[in-house]
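The structure under discussion appears below in the form of structure tokens.
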Amino acid sequence: MDLFYTVRQHVLNELEGMVAAGELPSGLDMTSVAVEPPRDPLHGDMATNAAMVLSKSAKKNPREIAETLANRLSNVDIIENSQVAGPGFLNLRISIKAWQLILNTILELGSAYGRTGLGKNLRVNVEFVSANPTGPLHVGHTRGAVFGDALSELLSFAGFKVTREYYINDGGSQVDTLARSVYLRYLEAHGQDVAFEDGTYPGDYLIPVGQSLKEKVGSDYIDKPEHYWLEDVRKFSTDAMMKLIKDDLAALGVKMDTFFSEKSLYGGGKIEEAIESLKSKNLIYEGILDSPKGKKVEDWEPRVQTLFKSTSHGDDVDRPIKKSDGAWTYFAPDIAYHFDKVERNFDQLIDIFGADHGGYVKRMKAAVSALSDDKVKFDIKLTQLVKLFKRGEPFKMSKRAGTFVTLRDLVDQVGSDVTRFVMLTRKNDAPLDFDFEKVLEQSKDNPVYYVQYASARIHSVFRKAKQAGIHFDEEQARSETFSKITHEAEIKIARKLAEWPRLVEISAKTHEPHRIAFYLYELASDFHSLWNKGNENDALRFIQEKDHNATYTKMAMISAVLVVISSGLGILGVEPATHMN
RNA sequence: GGACCCAUAGCUCAACUGGAUAGAGUACUUGACUUCGAAUCAAGGGGUUGGGGGUUCGAAUCCUCCUGGGUCCGCCA
């Protein structure tokens, strides 16, 4: 299915043949032999670095190896031509037949084209968003949500079994603060004047929660001490917040498989169990940490704490798991949570943090490494901050001034598709400027429309053809031979489509869904280019009024383009367009 | 003081995880709609990849030291 893979196999076969013929020594490491599209199309369709990679261990001149390899490869049917270039590159020209066959493959496989066996059904847990359940999701969470969801979809496309998971931080003091704030709104709903002091959440979004609390318990909690109502209100409030958050995620098209409660770790001995596991590996001890140097800590005094020896797994300092008063630090439940993930037998874990949590990467990796004895692959991706702009001017967010931009604001204003695509046209660790006036006013600045437009144009051709009495039949299209698809601009598209499976693999391996977005942009660009060539060259128009067979072939070809665009957009969570408005 | 992320065309960003002459968009200049949707296309200029050193056939990519920016640094989560 993957033409690059196929050609690489041919290259490896011939290299083996050279070994057998004594032209190369045996026992060579071939893993870094690559077959790639060359940067410059003039160099051919594919290039291999085999000769250069092997020259050192084979103790032969790279060009000499390349010459021999080129001769051997000329006997392979799909390779039309091979030429040695530069320091020892072997440029390959693939026969036009192979490109035509790619189109058949795509139509045959449909949405399965590009799915690979890379993941081998390995179980991957992707944890993302995990915002505190104290309010609606804001713009920063949005990027993490989009990235995590697209990565999950990408991995599942690449053959992994993916679990999307949200860790609810409902065990700390912030949910008590939430409960107190809701209590104030509850009193307010009963007509009392209330003051939101420091340490409470004054946001309007809690007003309806106070209202519904009133509907639920009536006046029962008025003038009662905190211990009487706190636990119930806490649960009531976090439930309400999680409902809010789930709705926010739904608006963005994100659906979690699992919600894991931090609170559930307490009381059941889960934390103790995790710590015990570390203790059995001699990684827990009582000790005193040094004061951080250079940073002013005014009331610093050395204290004995229970520490995790994370330095033995790559961290810079050991980390406290208990406060000096004996209570757990936040890190302890985090360890227990990841212990739980390891126990749930995931083969790989991925955490997605905001950049402001970058400081926790090493200790979390140390924890998972220790807990799983390095058996579970663990990657942490950081999403950089999103800077909002309005017509080029930085847009300052302030809760007080009411200019706080939530996920919902963003989706309501620019839509889920635009939000997702724009956030994915950037590497996750690059800061993102998001101008939510510009992406709407000047749509050409926005790559999502460019890709959507390609998809809409293809649908437009289908509509036009139908009017002309040419009905496109998927079944029949599969038997198309594409022997008439020979023009350079058409083959260029086939070449691009052939890269898709390989691109999926690279993106999945590197955990970088943004590559999908850039690829779709390039594919759309090749398509638009071909479209416009039809303005000058009638033979390149998709609808050939006088030749229904030719029209049919071309429709089958652009239908293959649509297959890949739909798959790609599907990974990003964006709907392919049939019309532009 | 330390850790982590980053620095690429005027601007916003890519670059196949080490490959050939570093690419797109935008902006600027010019051209293409009686024709499948011009939200498109074609052409042009634009670079010491922040700086120095190193590793090798080969470096934007890996190592090291600087410079500049961001995030963070026990008893908050």
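Note that the structure is predicted; figures quoted are calculated from it, not measured. Every heavy atom of this structure was used, including side-chain atoms; hydrogens, water molecules and symmetry mates were not. Quick note on labels: first sequence line is chain A, next is B, and so on, each numbered from 1.
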Any A/Arg39 side-chain nitrogen or oxygen under 4.0 Å from OP1 or OP2 of B/A20: yes
Using heavy atoms to find the nearest nucleotide of RNA chain B for A/Arg319 and A/Ser55 separately, return the residue whose nucleotide is more 5′. A/Ser55
Does A/Tyr450 put a side-chain nitrogen or oxygen below 4.0 Å from OP1 or OP2 of B/C41? yes
Just call it for A/His357: base, sugar-phosphate, or nothing, with non-hydrogen atoms closer than 4.0 Å on any strand. base
For A/Phe89, which contact category applies under a 4.0 Å heavy-atom criterion: base, sugar-phosphate, or nothing? base
Taking the C1' atom in each of B/A7 and B/U61, what is the distance between them to the nearest angstrom? 14 Å
Within the structure shown, what part of the strands sits under 4.0 Å from A/Asn132 by heavy-atom distance: base, sugar-phosphate, or nothing? sugar-phosphate
Are A/His528 and A/Tyr453, when compared by the centres of their aromatic rings, separated by less than 6.0 Å? yes
Give one of base, sugar-phosphate or nothing for A/Pro320, where a contact means two heavy atoms less than 4.0 Å apart. sugar-phosphate
So what does A/Glu262 hit on the nucleic acid, given a heavy-atom distance under 4.0 Å: a base, only sugar-phosphate, or nothing? sugar-phosphate
Please confirm whether the ring centroid of A/Tyr167 lies under 6.0 Å from the ring centroid of A/Phe259. no
Assess whether one donor atom and one acceptor atom, taken from the side chain of A/Asn91 and the base of B/A20, lie less than 3.5 Å apart. yes
Could you give the distance separating B/G68 and B/A27 at their P atoms, to the nearest angstrom? 35 Å
According to a strict under-4.0 Å criterion, is A/Trp531 in side-chain N/O contact with OP1 or OP2 of B/A38? yes
Qualifying residue for side chain to side chain contact (heavy atoms under 4.5 Å, CB included) with A/Val35, from A/Thr6, A/Leu12, A/Leu3, A/Val11: A/Val11
If B/G23 has a Watson-Crick or G-U wobble mate with both distances under 3.5 Å, name it; if not, just say none. B/C13
How would you label the contact of A/Leu289 with the nucleic acid (heavy atoms, under 4.0 Å): base, sugar-phosphate, or nothing? nothing
Using both distances under 3.5 Å as the test, list the Watson-Crick or G-U wobble partner of B/A7, or none. B/U67
Can the ring centres of A/Tyr521 and A/Phe527 be said to be less than 6.0 Å apart? no
Using a 4.0 Å heavy-atom cut-off across all strands, classify A/Asn535 as base, sugar-phosphate, or nothing. base
Using the P atom on both, measure B/A9 against B/G47 and round to a whole Å. 10 Å
Are the ring centres of A/Phe147 and A/Phe128 closer than 6.0 Å? no
B/A60 versus B/U48 - spacing of their C1' atoms, nearest Å: 12 Å
B/C6 versus B/U12 - spacing of their C1' atoms, nearest Å: 15 Å
A/Tyr453 side chain N/O closer than 4.0 Å to the phosphate oxygens (OP1, OP2) of B/A39? yes
